[in-house]
Amino acid sequence: MLNLHNSVINTCKRLLKTGILALLLFTLSVGLSAAWWDFGGSTTTRESRLPQGDPITDGKALLRYALPIDNEPVRKIQRSLEDIANRLRAKRWSSVSSDIAAASRVLNISKSQLLASVSESKQSEAEAIIEQLNRGIINIREVAEAKDGEQVLEQRAQLLVLVGQLEKLMLEGFPFEVPSEFASLPQLKGRATIEMETEKGSLTLVVDGYSAPITAGNFVDLVQRGFYDGLEFIRSEQSYVLQTGDPPGPEVGFIDPGSGEYRSIPLEILVKGDQEPIYSFTLEEIGRFREQPVLPFSAYGTVAMARPESENDGGSSQFFFFLFQPELTPAGVNLLDGRYTVFGYVVEGKKVLEKLGKGDKIISAKVVAGLENLVEPEA
């Protein structure tokens, strides 16, 4: 999967610069397929969706869009606020003001629709968040009028946290059941936050059970067992990937102490618009390679499961961080999507991730939120 030599990477970069994008992407795909352990050798409609337009490269935004909710007003507010960052990069202050006005308008005219997706027991909490959003809109409008870009981004971030809180209140139960053949594996029915301490600093990951319950559940279970504590990063490719999860000794994955057997994790990909993930097949194998996963490889710090080239369901404990770089792995135009399970994103500590390399160690990994969403199989 990830076996790209430096010469190949340099060639890929030259090809991109001369416009031969298809050949680069094919090379990336072959490289990804070759990497494995040694790298050399009540049902609701799923409404998580990504907006049309340029690929999203912010993991936090991708996680917000991935929530399985069906409320267009809150999505409109989110889109308007998310867009502000792009407007600021281009110094389009009139567009920033338009986005703020659009979010304000939805808050003012669609309060009842926003609350309609929240259960009665959570209504007062939702109303308080909406009030905070209204106050925050006033604040961000003032700093936008002063053309204070730094403050606009800070206020925007605070507003998006509130939007995320409101969206979480709209969640009711878990939207689907995993196939019975995988019921013996841990499942994450919701989300969890992991703090990972490394020799170079701390990382914070959010793993998404709404999109990949088995893969995320397996990861959280292994974190709880202390499996990753002390493990080295075994593969590092600049601007490409950082890999870990290979335990000491001859084994290449997790051996369940109860059964003495290797725990195999199936390929698990939720496609935008689907109600539940596709298992055991790549999107290419079932003719859906043009469709977009809910969790794409488009953000720096994407967290994905490694697996052998020929075994879609051969993953276990090894995972990798995708080190997105636009020149080499363009968001929305890569061949990783639909071939490997993405199950989360790094949301804090990206500068630490930049410093990590082969041989560095994970000191510890701990679940700091969402452990109650882990469902262990019955003995």
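Computed over heavy atoms, backbone and side chain alike; hydrogens, waters and symmetry mates excluded.
In this structure, F174 has its ring center under 6.0 Å from that of F176.
Heavy-atom minimum distance, F320 versus Q243: CB-OE1, 3.1 Å. Nearest heavy atom pair, residue A299 against residue L62, reads CB-CD1, 3.8 Å. V96 and A144 get closest at one heavy-atom pair: CG1-CB, 4.2 Å. Minimum interatomic distance between T302 and P296 (heavy atoms only, all atoms of both residues): OG1-O, 3.9 Å.
A 4.5 Å side-chain heavy-atom check between I269 and P277 finds every atom pair outside the cut-off. With a 4.5 Å cut-off on side-chain heavy atoms, D246 and E251 do not count as touching. Residues D360 and T198 form no side-chain contact, since every pair of their non-hydrogen atoms from C-beta on lies 4.5 Å or further apart. Considering only heavy atoms from C-beta on, L231 stays 4.5 Å or farther from K361 through its side chain. Side-chain contact between V303 and F321: present, with at least one pair of heavy atoms (C-beta onward) separated by less than 4.5 Å.
Using a 30° and 60° split on the angle between ring planes, F227 and F254 fall in the perpendicular class, above 60°.
Every residue was checked against the salt bridge (charged side-chain N to carboxylate O under 4.0 Å, His left out) condition with D58, not counting sequence neighbours, and none meets it. Residues forming a side-chain hydrogen bond (donor to acceptor under 3.5 Å, both in side chains) with S117 (at least two apart in sequence, or on another chain): N71. Take E142 and apply the side-chain hydrogen bond (donor to acceptor under 3.5 Å, both in side chains) test, not counting sequence neighbours, and it matches no residue. In this structure, E311 has no salt bridge (charged side-chain N to carboxylate O under 4.0 Å, His left out) partners at least two apart in sequence or on a different chain. Remark: A103 pairs with I77, S80, L81, I137 by the side-chain contact (heavy atoms from CB on, under 4.5 Å) rule, at least two apart or across chains. The side-chain hydrogen bond (donor to acceptor under 3.5 Å, both in side chains) test applied to R89 returns N86, not counting sequence neighbours. Residues that satisfy the side-chain hydrogen bond (donor to acceptor under 3.5 Å, both in side chains) test with S202, not counting sequence neighbours, are E197. With sequence neighbours excluded, the residues that form a side-chain contact (heavy atoms from CB on, under 4.5 Å) with R92 are R87, A90, S95. Legend: residues meeting salt bridge (charged side-chain N to carboxylate O under 4.0 Å, His left out) with R105, ordered by chain and number and at least two apart, are absent.
Residue I278 forms a side-chain contact (heavy atoms from CB on, under 4.5 Å) with just one option from L267, L270, V271, and that option is V271.
Atom CD of E372 sits in a crowded spot, with more than 12 heavy atoms from other residues, nucleotides or ligands closer than 6.0 Å. Y279 OH: more than 12 foreign heavy atoms inside a 6.0 Å radius.
Under the side-chain hydrogen bond (donor to acceptor under 3.5 Å, both in side chains) criterion, the residue pairs touching residues 212-229 are T215-E268, N218-R263, D221-R225, D221-R263, with sequence neighbours excluded. Among residue pairs with one or both ends in residues 341-371, those qualifying as ring pair (Phe, Tyr, Trp, His ring centres under 6.0 Å) are F219-F343; sequence neighbours excluded.
A salt bridge links R288 to E291: at least one charged side-chain nitrogen sits closer than 4.0 Å to a carboxylate oxygen. In this structure, E72 pairs ionically with R79, as a charged nitrogen and a carboxylate oxygen lie closer than 4.0 Å. A salt bridge does not link K200 to E354: none of the charged side-chain nitrogens sits closer than 4.0 Å to a carboxylate oxygen. Looking at K60 and E348, a side-chain N of the basic residue comes within less than 4.0 Å of a carboxylate O on the acidic one, giving a salt bridge.
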Contacts under 3.5 angstrom, residues 186-196 side chains, donor-acceptor by atom type, not counting sequence neighbours:
{"unit_1": "K189", "atom_1": "NZ", "unit_2": "E177", "atom_2": "OE1", "d": "3.4"}
{"unit_1": "R191", "atom_1": "NE", "unit_2": "D208", "atom_2": "OD1", "d": "3.0"}
{"unit_1": "R191", "atom_1": "NH1", "unit_2": "L63", "atom_2": "O", "d": "3.1"}
{"unit_1": "R191", "atom_1": "NH2", "unit_2": "L63", "atom_2": "O", "d": "2.6"}

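Side-chain contact, Q78 with R75: a donor N or O sits under 3.5 Å from an acceptor N or O. When only modelled atom types and interatomic distance are considered, D313 and S280 share a side-chain donor-acceptor pair under 3.5 Å.
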Checklist entry - Is there a salt bridge (Lys or Arg N to Asp or Glu O under 4.0 Å) between R64 and E167 once you walk through the steps? => result CA-CA 8 Å; R64 283 189 285 267; E167 290 173 340; 5.6 Å; no
Checklist entry - Given the rule in the side-chain contact (heavy atoms from CB on, under 4.5 Å) test, do Y340 and T282 qualify, once you have shown the distances and angles that lead to the verdict? => result CA-CA 8 Å; Y340 300 92; T282 68; over 6 Å; no
Next on the checklist: What verdict does the salt bridge (Lys or Arg N to Asp or Glu O under 4.0 Å) test give for R235 and E237, after you've listed the backbone C-alpha separation in whole Å, the side-chain angles of each residue and the deciding distance to 0.1 Å?
Outcome noted: CA-CA 7 Å; R235 184 69 173 180; E237 294 286 355; 2.6 Å; yes
Next on the checklist: Show, in sequence, the C-alpha distance, side-chain angles and deciding distance for R339 and L283, and conclude whether the side-chain contact (heavy atoms from CB on, under 4.5 Å) test is met.
Outcome noted: CA-CA 7 Å; R339 294 189 176 201; L283 297 190; over 6 Å; no
